Amino acid sequence: MQLAFPYRINHTGRTGGDHGTHLRDLIEQVLFTTPTERVNRPDFGAGLMEMVFAAESDELLAASRFMVQGALQQWLGDLIEVEAVVMERADDSIAITIQYLERRTQARQLATFRTP
């Protein structure tokens, strides 16, 4: 069974979601969790929230892309294969688009996330 993130109950009264939604939720957890935030897994997360207030530069965005791709491969590599990470700054937020292949279904997916 797959738990929804954030935790919620769906229209059938269950907490689980479909496989595609579950993978998207897992990616979101990796992206927006700051390392040291989880007590039992201090290295979990991509540290993306720290980048929102950093000085804007092409080098920083490139480094962030590698950081995000590495974190996704480390924590979700058995579930997805990351094919591309695109990051764009827009005022006070960052838009992250991730293209990935679901290993179980071999379906290509595209998901976009935005920092709050």
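Worth knowing before you read on, the calculation uses all heavy atoms, side chains too, and leaves out hydrogens, waters and symmetry mates. Treat the numbers as computed from the prediction; the structure is a model and nothing was measured.
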Are Arg24 and Phe113 in a cation-pi contact, defined as NZ or CZ under 6.0 Å from the six-membered ring centre and within 45° of the axis?
yes
Here the gap from Glu81 atom CD to Glu102 atom CD, rounded to the nearest 0.5 Å, amounts to 12.5 Å
Minimal heavy-atom distance between Pro35 and Gly45, with the atoms involved, is CG-O, 3.9 Å
Under 4.5 Å between any side-chain heavy atoms of Ile98 and Ile27, yes or no?
yes
Considering all heavy atoms of both residues, which atom of Tyr100 and which atom of Val82 are nearest to each other, and what is their separation?
CB-CA, 4.2 Å
Nearest 0.5 angstrom please: Trp75 CH2 to Leu31 CG, how far?
14.0 Å
What's the separation between atom OG1 in Thr97 and atom CE in Met87, rounded to the nearest 0.5 Å?
10.0 Å
Between Arg65 and Val85, the two heavy atoms sitting closest are CD-O, 2.9 Å
Working note: Thr34 + Glu37, criterion side-chain contact (heavy atoms from CB on, under 4.5 Å); need CA distance, chi angles, decisive distance, verdict.
CA-CA 5 Å; Thr34 302; Glu37 187 175 329; 3.6 Å; yes
Atom CG in Leu76, atom CG in Leu23: separation rounded to 0.5 Å?
7.5 Å
Residue among Gln109, Gln69, Arg108 satisfying side-chain hydrogen bond (donor to acceptor under 3.5 Å, both in side chains) with Glu83
Arg108
Give, for atom CD1 of Ile80 and atom CZ of Arg103, the distance between the pair rounded to the nearest 0.5 Å.
8.5 Å
To the nearest 0.5 angstrom, please state how far the CD1 atom of Ile96 sits from the OG1 atom of Thr115.
6.0 Å
